[in-house]
Engineer: 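Below: one structure in structure tokens.
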Amino acid sequence: MKSHTHYLWFNTKRRQEIIDITDEVAKQVEVSEVREGMVLVSAMHISASVFVNDHESGLWEDILKWLEGTIAPWDPPRYRHNETGEDNAAAHLRSLTIGHEVIVPITAGKWDGQRKKRVIIKVLGE
Amino acid sequence: MKSHTHYLWFNTKRRQEIIDITDEVAKQVEVSEVREGMVLVSAMHISASVFVNDHESGLWEDILKWLEGTIAPWDPPRYRHNETGEDNAAAHLRSLTIGHEVIVPITAGKWDGQRKKRVIIKVLGE
Amino acid sequence: MKSHTHYLWFNTKRRQEIIDITDEVAKQVEVSEVREGMVLVSAMHISASVFVNDHESGLWEDILKWLEGTIAPWDPPRYRHNETGEDNAAAHLRSLTIGHEVIVPITAGKWDGQRKKRVIIKVLGE
């Protein structure tokens with residue numbers, strides 16, 4: 001079995017923002033030389049999320065607005081977590097909603113997600 | 001390591017519907033001849049979700065109603081994504097909530113989920 | 001490839017509660033002797049969730065309150081699933097939101113999550 005691990009760092013400027021890391025992931029899949037397998041992309045902070053979605057600026061605005069308006073308003077005083085001195089309880093709840101990691105299939109050396117299929121079932125093991 | 005990949009297509013009739021693919025997944029696990037491993041079931045469209053839950057018609061109605069009433073109403077004009085000509089921003093937000101993929105343990109050649117245990121911890125690697 | 005499977009049981013006292021299983025998972029990673037790989041931690045009940053987050057009592061209260069107040073109130077009569085005699089439709093919807101399982105990278109024999117990095121990309125396969 002092949003295994004390849006790579007870490008990403010970011011300098012984020014705002015309290016909440018979306019960063020497209022698709023190219024980084026695709027590059028690491030290539031570097032790994034894995035032909036059949038999976039790539040796990042996981043946030044190392046529990047107030048962050050990793051997700052698969054369109055790179056479309058209107059949708060990104062929709063997502064940020066929806067997180068604030070529907071899922072969990074930032075508003076620190078509404079949360080007990082605030083009493084610890086941290087003001088990011090909403091970021092934790094948003095991360096619980098969107099998810100902490102994604103796992104993407106690799107088939108024939110490529111991230112297997114761009115084609116016109118509905119669902120992929122990929123079994124790995126012995 | 002064994003690897004087996006299979007794609008599913010669907011003809012969906014409504015804007016939003018739930019399809020049970022359990023039998024398809026179980027079949028592909030069998031075809032793969034994997035005894036110890038994992039099966040990844042991942043949507044290829046980012047306006048779709050894959051989830052594990054009961055096959056119970058009342059609950060399915062509850063889920064669809066909840067997605068519309070609580071998570072994200074369809075209502076295209078409320079979303080910026082609508083300006084691109086697409087009307088499915090709500091489907092994107094619903095998919096972010098429910099999740100894009102699931103990964104299920106395989107133990108002794110079977111989808112390891114039907115038994116009366118609370119949590120399974122499965123480690124794979126070298 | 002190495003594979004190691006372990007099951008956890010719990011005696012839960014309340015309708016909804018949070019249990020920290022980090023030590024159990026870390027122990028099983030050690031027992032597995034896997035140096036490079038992934039650990040899947042998956043709920044065997046579809047009314048339960050597995051998630052990665054802080055062990056902080058204020059935040060735990062915030063999460064439980066948020067699930068009841070924002071995501072899905074318990075209130076059985078509001079759900080069709082209730083007609084089957086089960087009263088836990090809300091638990092299903094909450095589990096759909098938070099997620100049914102997590103998958104965590106293992107690097108150099110340890111759960112790779114405590115360090116000051118933002119995102120890990122881990123590729124496994126052949």
Side-chain angles (χ1 to χ4, degrees), chain A residues 1-12 19 21 24-25 27-48 50 70-73 78-84 86 88-90 92-93 95-103 105-106 124-126, chain C residues 1-3 5 18 22 34-41 49-67 69-72 93-108 110-126:
Chain A
M1 200 183 72
K2 282 181 186 131
S3 166
H4 170 70
T5 305
H6 182 80
Y7 302 98
L8 302 179
W9 280 261
F10 307 102
N11 288 314
T12 50
I19 299 167
I21 59 171
E24 289 277 4
V25 176
K27 188 181 158 190
Q28 296 307 321
V29 169
E30 206 181 315
V31 169
S32 75
E33 297 184 344
V34 165
R35 302 285 304 163
E36 296 296 322
M38 296 179 190
V39 52
L40 171 67
V41 185
S42 179
M44 311 294 274
H45 291 243
I46 33 66
S47 55
V50 178
T70 300
I71 298 304
R78 87 158 54 195
Y79 305 107
R80 293 273 330 263
H81 188 49
N82 184 46
E83 294 165 22
T84 64
E86 294 204 66
N88 65 350
H92 289 265
L93 300 177
S95 172
L96 283 180
T97 304
I98 292 191
H100 182 258
E101 81 269 346
V102 295
I103 188 150
I106 301 165
L124 278 188
E126 297 195 309
Chain C
M1 201 183 70
K2 282 181 188 131
S3 168
T5 306
I18 295 174
T22 307
V34 165
R35 303 284 304 163
E36 296 296 323
M38 295 179 190
V39 53
L40 170 66
V41 185
S49 287
V50 179
F51 62 87
V52 176
N53 223 296
D54 273 353
H55 188 141
E56 195 277 297
S57 62
L59 182 65
W60 286 18
E61 276 187 44
D62 294 333
I63 292 170
L64 298 177
K65 195 179 150 193
W66 168 75
L67 288 170
T70 300
I71 299 304
L93 301 177
R94 293 169 189 189
S95 172
L96 283 179
T97 305
I98 292 192
H100 182 257
E101 81 270 346
V102 296
I103 187 151
V104 181
I106 301 166
T107 304
K110 296 279 184 196
W111 175 328
D112 196 353
Q114 280 90 344
R115 299 166 219 174
K116 289 214 166 293
K117 294 145 196 162
R118 287 297 175 118
V119 166
I120 178 171
I121 301 171
K122 184 143 203 138
V123 193
L124 278 189
E126 298 195 309

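Proteins come first, then strands; the chains are lettered A, B, ... in the order of their sequence lines, and each starts at number 1.
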Engineer: Between A:Glu126 (side chain) and C:Met1 (backbone), is there a donor-acceptor pair under 3.5 Å?
Structural biologist: yes
Engineer: Sort out for me which of A:Glu33, A:Gln28, A:Arg80, A:Glu101 touches chain C most, counting heavy-atom pairs under 4.5 Å.
Structural biologist: A:Arg80
Engineer: Is it the backbone or the side chain of A:Thr84 that comes under 4.5 Å from a heavy atom of chain C, or both, or neither?
Structural biologist: side chain
Engineer: Kindly indicate whether the side chain of A:Lys2, heavy atoms from C-beta on, has any atom under 4.5 Å from the side chain of C:Val123.
Structural biologist: no
Engineer: Which one wins on heavy-atom pair count under 4.5 Å against chain A: C:Ile63, C:Ile103, C:Ile98, C:Thr70?
Structural biologist: C:Ile103
Engineer: Quick one: does A:Val39's side chain get under 4.5 Å of C:Ile121's, heavy atoms only?
Structural biologist: yes
Engineer: Hey, are the side chains of C:Ile120 and A:Leu40 touching, using non-hydrogen atoms and a 4.5 Å cut-off?
Structural biologist: no
Engineer: Tell me, side chain or backbone of A:Glu83 under 4.5 Å from chain C's heavy atoms, or both, or neither?
Structural biologist: neither
Engineer: Please classify the contact of A:Leu93 with chain C as side chain, backbone, both or neither, using a heavy-atom distance under 4.5 Å.
Structural biologist: both
Engineer: If you measure from OG1 on A:Thr97 to CD1 on C:Ile71, what distance do you get to the nearest 0.5 Å?
Structural biologist: 5.0 Å
Engineer: Hey, are the side chains of C:Asp54 and A:His81 touching, using non-hydrogen atoms and a 4.5 Å cut-off?
Structural biologist: yes
Engineer: Give the member of A:Leu96, A:Ile106, A:Val50, A:Val25 that has the highest number of heavy-atom pairs under 4.5 Å with chain C.
Structural biologist: A:Leu96
Engineer: With rounding to the nearest 0.5 Å, note down the distance linking NE2 in A:His100 to CG in C:Asn53.
Structural biologist: 8.0 Å
Engineer: Within the structure provided, determine whether C:Arg118 and A:Leu8 are in side-chain contact (heavy-atom separation under 4.5 Å).
Structural biologist: no
Engineer: Once rounded to the nearest 0.5 Å, what's the spacing between atom CE of A:Met38 and atom CE of C:Met38?
Structural biologist: 7.5 Å
Engineer: So do the side chains of A:Ile46 and C:Phe51 get within less than 4.5 Å of each other, counting heavy atoms only?
Structural biologist: no
Engineer: Please flag which part of A:His6 lies under 4.5 Å from any non-hydrogen atom of chain C: side chain, backbone, both or neither.
Structural biologist: both
Engineer: Please list, chain by chain and in numerical order, all residues satisfying salt bridge (Lys or Arg N to Asp or Glu O under 4.0 Å) with C:Glu36, sequence neighbours excluded.
Structural biologist: C:Lys122
